[in-house]
Amino acid sequence: MGIVAGLDSSPEGTNIVVCDADTGAVLKQGYARHQVPESADEAAAYEADPQTWLLSLGEAADGGVLEGVQAIGVAAQQHAVIPLDAAGAPVRHALIGNDKRAQGAAADLTGEFGGRAAWAEAVGAVPDAKLPVTKLRRFAATEPDHAKRTAQLMTPHDWLVWQLLGKPSRRTTDRGSASTTGYWSAHAGPAGEWRRDLVELALGHEAGLPEVLGPAEAAGRTPEGLLISAGTGETMAAVFGLGLGAGDAVVTLGASGAVYAVHDAALPDSGGTITALADATGKHLPVVHTLNAVRALRGAAELLGLAPADLERLSELALTSTPGAHGLVLLPYLDGERTPSLPQTAGSLHGLRRESMRPEHLARAAFEGMLCGLADALEVLRTRGVTVRRVFLLGAAAGLPAVQALAPAVFEAQVVVPASADYAALGAARQAAWALGVAEGRLSADAPPVWETGPHETFDAGEDLALGQAVRQQYAAVRESVHPGALGLAAGTAGAAAAGGAGGGTAGDGTAGGGTAGGGPGGTAGGAEPGHGSGEQEQGLGAGQEATQG
């Protein structure tokens, strides 16, 4: 029996799981928070000292956690970049997070390279405030001396692997991490391709980039002889840890939301709605983001006089209403929206009638609005040929009874709610077992080890499927009446989900007509921020908790 470890270096801390290499059974665990100095400086939220990651790794491994381990896999936070000088020393702290100060840099890069379609075709993503390529442009503008000293670029996962190996001359990464940078193409052949011209466009000069390894390749061995696998980003590791395959999708319920699925091909999207990432197995991971998910539930809770965190009570209220919320429809675009692309809009409540103005109907409309907004994101993937038969729900809100009761019919798929676990660490461990098996001649590089899946709950639509379709039609009719064609543009279709038309069907006891509250077509309310939210970092992929960013 071999023993392997998976290391997940998240924005908050380092989690280590030690597993049986054959079955995936967890044998030991360790955790330590990053020691981050308190600071009121805005810049502190968007940078991190990489040494703190090493320190927390050492603390997490205290007490013999790694004793007997033969191989280690590394997963780490995404959308971060470490600029290094020619000697391999950081020229400054790592640039991390969704730094909204970089929005201007994102707009500049987008225009200079020929627009959104040109970027989507080049790297499967359009510059925004979170992408490392955008951070590099702002870095070059605000810290020109440091930028000129920058000779090499690494992501946190790359850097940690390099450190574990003793900082060899060879630097490596994997397709998953590379695809999050904004200067690597997931669809340029099986191995992908670095776009060095985009690094030069952003940074002002060329910089060294790691070698991209295959999924089952080893990055090397530590001075003590431990095999280190290629590693990957947190999202890719979590998908691998969950054991997802063709027909599976993930919906994350943070303040904002993300929908992604394993697919055989990259899906470059000229509008930028789909971000074309790579996974940890040689396949692809198209992602669609929404700016609003659980924040819509919190807003409804506050409107009803509940504490924003009292979502259990909101869920109880919602389940006393009927499908369609007695005609109430919430378009949950509280922070603008990314899918569909409505960055300057506001949320709105429709179908107001005397009999529908009850707490339980508003609570139900909040859950249905959130889920229908995420179903719109699923629709974008389905329209591009992605098969979705099962949806894995991640985040604390996945445990709410109203979510579990409504989601299968709204998503038109079986819903799986996994038990709380750090799936990124588990995925990293599974990758380590794969690389170890290949190195020892026991496994093929074409097929990862099959591990037992952890406990989970499954929910099916059953006889409620028709009701879920009616709810979707009611929601789509309102969306189309307020924002005509918005989702159709995102999905590359006239809007399959809006089959009911602008005056389309009803659900439950009400209709989509009546009064409205909130922004009208193209309107704004309350000074809504442009839609550059931080949903990509809110993925709930670690211990299954609801994300709190944004």
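Being a predicted model, the structure only gives us computed values, none of them experimental.
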At their closest point, which heavy atom of [X] faces which heavy atom of [Y], and how far apart are they?
X: V287; Y: A258; answer: CG1-CB, 4.5 Å
X: A140; Y: L203; answer: CB-O, 3.6 Å
X: A397; Y: V294; answer: CB-CG2, 3.7 Å
X: A366; Y: A296; answer: CB-O, 4.4 Å
X: V288; Y: A377; answer: CG1-CB, 3.7 Å

Pairs meeting criterion side chain to side chain donor-acceptor pair (under 3.5 Å) with involvement of [range], two or more places apart:
range: residues 300-315; value: R313-E316
range: residues 180-195; value: R195-D197
range: residues 112-123; value: E112-R137

How would you list, by chain and number, every residue that makes a salt bridge (Lys or Arg N to Asp or Glu O under 4.0 Å) with [X], sequence neighbours excluded?
X: D248; answer: R390
X: R382; answer: none
X: E412; answer: none
X: R196; answer: none

Set of residues satisfying side chain to side chain donor-acceptor pair (under 3.5 Å) with respect to D108, sequence neighbours excluded: none

Can you sort out the partners of T275 under side chain to side chain donor-acceptor pair (under 3.5 Å), two or more places apart, ordered by chain and number? none

Do [X] and [Y] have side chains that approach each other closer than 4.5 Å (heavy atoms only, starting at C-beta)?
X: V259; Y: T339; result: no
X: L131; Y: H79; result: yes
X: K283; Y: D264; result: yes
X: E379; Y: R472; result: yes
X: L95; Y: R138; result: no

Would you mind writing out the side-chain donor-acceptor pairs for residues 457-468 within the sub-3.5 Å range, not counting sequence neighbours?
| residue | atom | partner | partner atom | Å |
| --- | --- | --- | --- | --- |
| D460 | OD1 | Q414 | NE2 | 3.2 |

Once ring-ring contact (aromatic ring centres under 6.0 Å, His included) is applied, what residue pairs with a partner in residues 261-285 remain, sequence neighbours excluded? none

Got a sec, which pairs hit ring-ring contact (aromatic ring centres under 6.0 Å, His included) with one end in residues 383-420, sequence neighbours left out?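 Qualifying pairs: none.
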
